[in-house]
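To keep things clear, I will list the structure first and then write my remarks on it.
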There are 2 protein chains.
Amino acid sequence: MSVAEQPYHHGSLRQVLLARAESTLEKDGVDGLSLRQLAREAGVSHAAPSKHFRDRQALLDALAESGFLRLTAALERAVEEAEPHARARFAALAGAYVSFALEHRELLALMYGNKHAPGAASQVVEAGHASMDLTVRIVTEAQAAGDIGPGDASRIALVAFATFHGIATLAAGGMLDGAPVDEVVTAASDTFWRGLAQA
Amino acid sequence: MSVAEQPYHHGSLRQVLLARAESTLEKDGVDGLSLRQLAREAGVSHAAPSKHFRDRQALLDALAESGFLRLTAALERAVEEAEPHARARFAALAGAYVSFALEHRELLALMYGNKHAPGAASQVVEAGHASMDLTVRIVTEAQAAGDIGPGDASRIALVAFATFHGIATLAAGGMLDGAPVDEVVTAASDTFWRGLAQA
DNA sequence: ACCTGAACACCGTTCAAGT
DNA sequence: ACCTGAACACCGTTCAAGT
């Protein structure tokens, strides 16, 4: 409970607010997120956050952007650690996406909640594209290796990404009806892969 | 602007609140939904809604449940109107899901926002299951007709539903990068179908 | 540059009281 | 049964003023 000794200037208020916001988000949902409460926890006045985030929406946008950056990082890590076959990388991508969704349910909802301030939208969307680009890369590699048929790689990647995303959100929403997550992920990845190989 | 003449009892306050809530939801998002504002628009005191909805969350739950009911109805209609082949029905299902998502973006976000009061959760989840059951039925028919391979129909349906859901949410969130919705839906439906046929 | 303190308009929720 | 009116605690946002 003890607050630091920064005499007047907090020093890193923005960072502190973002960090606390994220843990509160996952605990209480978006509705439980209050700028005033965050300020209290950081030991500053309720008006201080406004210098770092124009309004509540700006804080949410910042959280969403950071979420996309970390999702992309998690996907990249999973792909690197997977066996160097396109199909294994494909499955790793799906698995990592679902893991991220389960660990950051509220954050994921925020990321895809199509709530974006006019200005921040481009930044958030851009951060989201990075994950998609990664998928495009794997599809292209798979095509080069002759594992899957030809076709617009970005179109194929988009459908693949949508599939992973759908399972991830259903899983995060507890709508898998008790079906083991791993099995569903594997089933989806395999079915989709077969469909591509045959194209 | 003129308010009705119901002298004291409103008569159908619950219905009126739900209807207005839905149009406000689609216009201003969940955050723009206020019980007090709704009461004002209905011409009653701000405390009146509490007799029909315990709290704000109860109103959101009611909206989500009605959303699932209508989604299921829309899917059923699409399946009936499609050509009587499993594959055509499959594609119709995907198309109808995406159409619903585009027409009711905010409502869909609410439906899958894993926000549910402890009691209402079961009702909302149950309403969501109806859409899934419809998908199971089509998968079973396709298996009986020999169009797709054997396997746990509910598991296959779950993956199919997740795929449709993923494309629908991506489309609703404007994350299709300008790719024509119809093409993406067709590509997903076709790829998935090929994967199933080959299983 | 960064933060405070007061002020404003708006909430959700509760509860005695009215019809 | 259904609704009112006042009350309470909490918001987000703004803005002059302090350091």
Side-chain angles (χ1 to χ4, degrees), chain A residues 2-22 24-25 27-64 106 110 113 115-120, chain B residues 2-22 24-25 27-64 106 110 113 115-120:
Chain A
S2 79
V3 178
E5 298 298 341
Q6 256 79 346
Y8 189 83
H9 287 57
H10 188 284
S12 55
L13 184 54
R14 197 191 140 94
Q15 281 183 340
V16 170
L17 289 173
L18 272 179
R20 290 215 77 114
E22 185 148 341
T24 304
L25 171 68
K27 196 152 52 72
D28 302 326
V30 208
D31 293 342
L33 215 48
S34 141
L35 285 178
R36 284 178 108 110
Q37 175 67 25
L38 250 31
R40 244 175 267 133
E41 292 174 0
V44 296
S45 87
H46 67 261
S50 72
K51 291 298 158 186
H52 299 278
F53 302 101
R54 197 202 328 254
D55 52 22
R56 199 183 108 104
Q57 188 56 52
L59 173 68
L60 299 184
D61 289 342
L63 284 174
E106 297 287 346
L110 190 63
K115 309 277 187 191
H116 34 31
Chain B
S2 78
V3 179
E5 298 298 340
Q6 256 78 346
Y8 189 83
H9 286 58
H10 187 284
S12 55
L13 184 54
R14 197 191 140 93
Q15 281 183 339
V16 170
L17 289 174
L18 272 179
R20 291 215 75 114
E22 186 149 339
T24 303
L25 171 68
K27 196 152 50 74
D28 302 327
V30 207
D31 294 341
L33 216 48
S34 142
L35 286 178
R36 284 178 109 109
Q37 175 67 24
L38 250 30
R40 244 175 267 133
E41 292 174 358
V44 296
S45 87
H46 67 262
S50 72
K51 292 296 157 186
H52 300 278
F53 302 101
R54 196 202 329 252
D55 52 22
R56 198 182 109 103
Q57 187 57 52
L59 172 69
L60 298 184
D61 288 342
L63 284 174
E106 297 287 345
L110 190 63
K115 309 278 187 189
H116 34 30

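A note on names: the letters A, B, ... follow the listed sequences, proteins ahead of strands, and every chain is numbered from 1. Values below: all heavy atoms of this structure, side chains included; hydrogens, waters and symmetry mates excluded.
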Inter-residue atom distance [X].[atom1] - [Y].[atom2], 0.5 Å rounding:
X       : Y        : atom1 : atom2 : value
B/Ser45 : B/Arg40  : OG    : CZ    : 11.5 Å
A/Asp31 : A/Glu106 : CG    : CD    : 8.5 Å
B/Leu25 : B/Leu18  : CG    : CG    : 11.5 Å

Original post:
side-chain hydrogen bond (donor to acceptor under 3.5 Å, both in side chains) with A/Arg54: which residues, sequence neighbours excluded?
Top reply: none
Quick one: [X] [atom1] to [N] [atom2], roughly how many Å, whole number?
X       : N      : atom1 : atom2 : answer
B/Arg14 : D/dC3  : CZ    : C1'   : 17 Å
B/His52 : D/dA1  : NE2   : P     : 13 Å
B/Leu60 : C/dG12 : CG    : C1'   : 12 Å
A/Leu38 : D/dG12 : CG    : C1'   : 13 Å
B/Leu59 : C/dT13 : CG    : P     : 10 Å
B/Leu35 : C/dT13 : CG    : P     : 6 Å
A/Arg56 : D/dT13 : CZ    : P     : 8 Å
B/Asp28 : C/dC11 : CG    : P     : 12 Å

Subject >> Toward the 5' end of DNA chain C, by each residue's nearest nucleotide, B/Asp55 or B/Lys51 >> reply: B/Asp55
Original post:
So A/Gln57 and A/Leu60, side chain to side chain contact (heavy atoms under 4.5 Å, CB included) or not? Walk me through it.
Top reply: CA-CA 5 Å; A/Gln57 188 56 52; A/Leu60 299 184; 3.9 Å; yes
**OP:** Determine yes or no for a side-chain-to-main-chain donor-acceptor pair under 3.5 angstrom, with A/Ser34 supplying the side chain and A/Gln37 the backbone.
**Re:** yes
Original post:
How does DNA chain C read in dot-bracket, base by base from 5' to 3', with Watson-Crick or G-U pairs under 3.5 Å and | used when the partner is on another strand?
Top reply: ||.|||||...|||||.||
Each nucleotide N or O in nucleotides 6-10 of chain C that has a protein N or O under 3.5 Å away: list the pair and distance.
residue, atom, partner, partner atom, Å
C/dA6, N6, A/His46, NE2, 2.9

Original post:
So, for A/Ala39 and A/His46, which heavy atoms are closest and what is the spacing to 0.1 Å?
Top reply: CB-CA, 3.8 Å
**OP:** Could you check B/Val44 against A/Gln37 and say which one's nearest nucleotide on DNA chain D is further toward the 5' end?
**Re:** B/Val44
Original post:
Hey, does B/Leu59 have a side-chain heavy atom less than 4.5 Å from the side chain of B/Leu38?
Top reply: yes
**OP:** State, yes or no, whether a side-chain contact exists between B/Arg56 and B/Leu33 at a heavy-atom distance under 4.5 Å.
**Re:** yes
